[in-house]
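Here is the naming used below: chain letters follow the sequence lines, and residue numbers restart at 1 for every chain.
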2 protein chains.
Amino acid sequence: MSVTIKDIAKESGVSYSTVSKALNDSPLVKPDTKKKVLQAAEMLGYTPNFAAKNLVSKKSRTIGLVWPAIDRAALTALVSKINELVTAQNYFMILSVDAADKAVGMFKGFQVDGIVIFEEGKETKLPPQAAASVPILTYGVSGEHVHPIIDVNHRKAIHLAVQHLTELGHSSISFIGSTDPGDKRQEEKLSGFYEAMNFSGLSVSEERIGSTNGLSWYDGYLAARKLLTDSKPTALISGSYDISVGILRAAKELNIRIPEDLSVISYDNIPQMASLETELTSVGVPIDSLAEKMVSSLLSLIQQPDSISHTQLMEPELAAGKSAAPPKKHL
Amino acid sequence: MSVTIKDIAKESGVSYSTVSKALNDSPLVKPDTKKKVLQAAEMLGYTPNFAAKNLVSKKSRTIGLVWPAIDRAALTALVSKINELVTAQNYFMILSVDAADKAVGMFKGFQVDGIVIFEEGKETKLPPQAAASVPILTYGVSGEHVHPIIDVNHRKAIHLAVQHLTELGHSSISFIGSTDPGDKRQEEKLSGFYEAMNFSGLSVSEERIGSTNGLSWYDGYLAARKLLTDSKPTALISGSYDISVGILRAAKELNIRIPEDLSVISYDNIPQMASLETELTSVGVPIDSLAEKMVSSLLSLIQQPDSISHTQLMEPELAAGKSAAPPKKHL
DNA sequence: TTGTAGGCGTTATCAC
DNA sequence: GTGATAACGCCTACAA
C-alpha cells in the first residue's frame with residue numbers, strides 16, 4: 001500500500017535500518033548514502049507511519065486539545081496561539097470537539113504526550129481519574145479536578161474594572177453575569193465585584209446585579225434590558241464576551257449610547273471584539289500570556305510530571321477601548 | 001507503563017490472544033471468559049493502543065478535518081455537525097488548525113481513514129498530489145483540486161436573493177463582495193448577481209458593485225460605507241457573513257435603518273447570526289444538509305475510492321429573517 | 001474454546 | 001558505516 005522504509009531501502013539499494021538512520025539524520029551514515037536515501041524517499045512520496053513510530057518510541061510529539069464548545073468564539077485566538085507555540089517546539093497538535101471523557105480516551109489511544117482541556121464552566125465531566133497515565137492540563141475550572149490548572153484571577157480582573165470606572169467618576173456601577181452557583185468561574189467574578197465595590201465604599205444593592213441564566217449573548221441581552229430599564233446605572237461590567245454582545249444590543253434598542261450614556265467594560269480581550277459595533281474596553285489576561293503559560297506548563301509537565309504546581313493563577317490587565325468614559329452629570 | 005492486553009491476560013488467567021478476542025467481542029470466546037476479561041480490563045484501566053491497532057489493521061476509524069481558519073466563525077456549526085455524524089458512524093474525528101499541506105501530512109502519519117479539508121477561498125495550498133493514498137474531500141474550492149469537492153451553488157444562491165428582493169418590489173439592488181479574481185467562490189457569486197439582475201431586466205452599473213479587498217467585516221464595512229453614500233440602493237446583497245457584519249455597522253453609522261431604509265440579504269445561514277443586532281435574511285445551504293452530504297460522501301469514498309463524482313453542488317435555500325422588506329416609496 | 005506464532009512499520013542494539 | 005535482529009502492542013490465521 002503505502003510506501004515504507006523498506007520500499008526506500010529497495011529503491012536506494014541499502015538496508016532498511018540504514019534508511020531509518022538516514023531519515024533521522026543520524027551521524028552514523030555517510031552523507032552520500034543519506035542524500036541517496038532522501039532522494040528515494042522524496043521520489044516515492046514517503047510519509048512516516050506514526051503508528052509504528054509511536055509504538056516503538058512511546059512518544060508521539062503530539063499534544064491533544066479538548067475543546068467541546070468550538071462555538072465559543074472567545075477561545076479561537078487562544079487555540080491558534082497554542083498551536084503556534086507547540087509547533088515552534090516541534091510538536092503536533094490535534095483537536096477534538098468531543099466531550100472531555102471521550103476525547104481523552106481517544107487521545108490516549110493515539111498516544112499523545114499531553115492533553116489540554118478547555119472546559120466550559122460547570123460541565124465538569126472529569127475524565128476517568130484512573131487515567132493518570134498522560135499529563136493533563138485544564139484551563140479555567142479550579143477546584144474539582146485532580147489535574148494541574150491554569151486559571152485567571154477573575155476576582156482581580158473585576159477589581160480592575162471597578163477601579164477603572166471609579167477613577168473615571170462612576171459610582172452607579174452594575175454587574176451582569178451568571179450567578180449560577182455551579183459555575184466557579186462566574187462566582188469568582190461576582191464576589192470580586194462585591195469586594196471591589198465595598199473597597200471603594202460603594203453600595204451594591206440586589207438590583208445592581210444583572211443575573212443571567214447562561215452565558216450566551218441572549219442571556220446577556222435579557223439581563224441588560226431589565227437592568228437598564230429598572231435601575232439607571234452609569235456603568236456596566238460584563239461577565240463575558242458573549243454577554244457584552246447582548247448588552248450592546250439591549251443598549252441599542254433602548255437608545256442608550258455607549259459610552260456617552262453608559263460605560264461598559266467587557267470580559268476577555270479577544271480579537272473577535274474588533275467586529276463589534278463598539279470597541280470595548282475590557283479586562284482579562286492577554287491571550288499571548290495565557291498561551292505561553294499553558295504551553296510551557298504542559299511541556300514541562302511532559303518532561304517531568306509533578307513539575308508544576310497544581311493551580312496557576314494568571315494576572316489580568318485592563319485593555320482600554322472606547323466603551324468607558326466619565327459619566328454625564330445628571331443624566 | 002501503560003496497561004496492555006498482556007497485563008489483562010495475566011490478571012484474568014488466559015492467554016493474551018484470548019484477551020484480544022474477548023475485547024473485540026469475538027464469538028469464539030466463551031461468555032464467561034469474556035466477562036472475566038472485561039472485568040480485568042476495567043479494573044486495570046485499560047486503554048487500547050491505537051498505534052499498535054492501526055499498525056496491524058491498517059484502519060484507524062478516524063477521520064481528520066483540516067481547518068486552518070478556526071476564527072472564521074461561519075464554520076463552527078458545520079464542524080460540530082460533522083463530528084456528530086461521524087461519531088454516529090462509530091468514527092473518531094480529529095482536527096488540525098495547521099495549513100492544509102502540513103495537516104494532511106500529519107493525518108496521514110496518524111493513519112486516518114479519510115480527510116476533509118476546509119479551504120479558505122484562494123489559499124489553495126494543495127497538498128502534495130502524490131499523496132493520493134488517503135481519500136480527501138475538499139469543501140468549497142472548485143477547480144484546481146484533484147480531490148472530490150463538495151461545493152455550494154453560489155450562483156443559484158445569489159439568484160434566490162435577487163429574486164426575493166425583486167418580489168418585494170426592489171429594483172435598486174447592490175452587491176457587496178470580494179471581486180478578487182483569484183477567489184473562485186466569490187467570482188461565482190458576483191457573476192450570479194449579474195445573471196439574476198439581467199434576468200429580471202434590472203440594470204447593473206459599476207457603482208452597483210461594492211468591491212471589497214478581503215472577506216473580513218472591515219472590508220465589508222468600508223465597501224458598504226462607500227456604496228451607501230455614493231449611490232442609494234434600497235437593497236444590498238452581501239457576499240459573506242463577515243461582510244454582513246460590516247454592512248450593519250456601516251448602516252448604523254450612516255443612520256440607515258434596516259429593513260426600513262435598506263433591505264439586506266446575507267450569505268450563509270449560520271447560528272452566529274443570532275448574535276447580531278439584526279436578524280438577517282440570508283441565502284445559503286442549510287448546515288445540516290451540508291454536513292450530511294460531506295460525511296456520507298467521505299465515508300463512501302473510504303469504502304470505495306472513486307465512488308463519488310468529482311464535484312457535487314449543493315442547492316441553496318432562502319432563510320427568511322427580518323432584514324428584507326418592501327422598499328419605501330421615494331426614500 | 002483456547003493458545004501459538006507471524007507480522008504490521010519503525011527504532012535501537014548489536015555485530016560485522 | 002552498514003546491516004541483521006529484537007522489540008513495541010495488537011490482530012489473525014492456524015494449531016491444539
Self-check item: Pairs where residues 16-42 of chain B contributes a residue and the test ring pair (Phe, Tyr, Trp, His ring centres under 6.0 Å) is met, not counting sequence neighbours
Solution: none
Quiz prompt | Residues A:K293 and A:Q312: side-chain donor-acceptor under 3.5 angstrom | solution =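 A:Q312 and A:K293 do have a side-chain donor-acceptor pair below 3.5 Å.
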What does [X] touch in the nucleic acid at a heavy-atom separation under 4.0 angstrom: a base, only the sugar-phosphate, or nothing?
X: A:N24; value: sugar-phosphate
X: B:Y46; value: sugar-phosphate
X: B:S20; value: base
X: B:V29; value: sugar-phosphate

Counterpart residues, salt bridge (charged side-chain N to carboxylate O under 4.0 Å, His left out), relative to [X] (two or more places apart):
X: B:D242; result: B:R72
X: B:E188; result: B:R155
X: B:E292; result: none

Quiz item: Out of D:dG1, D:dC10, C:dG9, which nucleotide sits closest to the side chain of A:K30?
Solution: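 Of the options given, the side chain of A:K30 lies nearest D:dG1.
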Quiz item: Is A:K58 near enough to D:dG9 that one of its side-chain N or O atoms lies under 4.0 angstrom from OP1 or OP2?
Solution: yes
Quiz item: Within less than 4.0 Å of OP1 or OP2 of C:dC8, is there a side-chain N or O belonging to B:S57?
Solution: no
Quiz prompt | Integer-rounded Å distance: D:dA7 C1' and A:K53 NZ | solution = 17 Å
Quiz item: For DNA chain D, which residues in residues 10-18 of chain A have a heavy atom at a distance below 4.0 Å?
Solution: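 Within this stretch, A:V14, A:S15, A:Y16, A:S17, A:T18 sit under 4.0 Å of the strand.
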Exercise. Any side chain to side chain donor-acceptor pair (under 3.5 Å) involving residues 34-43 of chain B? Give me the pairs, sequence neighbours left out, ordered by first then second residue.
Key: B:D25-B:K34
Quiz item: Hey, is the side chain of A:K21 pairing donor to acceptor with the base of D:dG3 inside 3.5 Å?
Solution: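 Donor-acceptor pair under 3.5 Å: yes.
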Quiz prompt | Residue pairs fulfilling salt bridge (Lys or Arg N to Asp or Glu O under 4.0 Å) with at least one residue in residues 88-100 of chain A, sequence neighbours excluded | solution = A:D98-A:K102
Quiz prompt | Which residue lies more 5' along DNA chain C, comparing B:L28 with B:A52 via nearest heavy atoms | solution = B:L28
Quiz item: Do B:I63 and B:I302 come close enough that some side-chain heavy atom pair is under 4.5 Å?
Solution: yes
Quiz prompt | Results of ring-ring contact (aromatic ring centres under 6.0 Å, His included) for A:F92 - residues two or more places apart only | solution =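 So A:F92 forms a ring-ring contact (aromatic ring centres under 6.0 Å, His included) with A:F50.
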Practice problem: With axes from five pairs an end, tell me the bend angle of the helix from C:dT1-D:dA16 to C:dC16-D:dG1, nearest 10°. | Solution: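 It comes to 50° between the two terminal axes.
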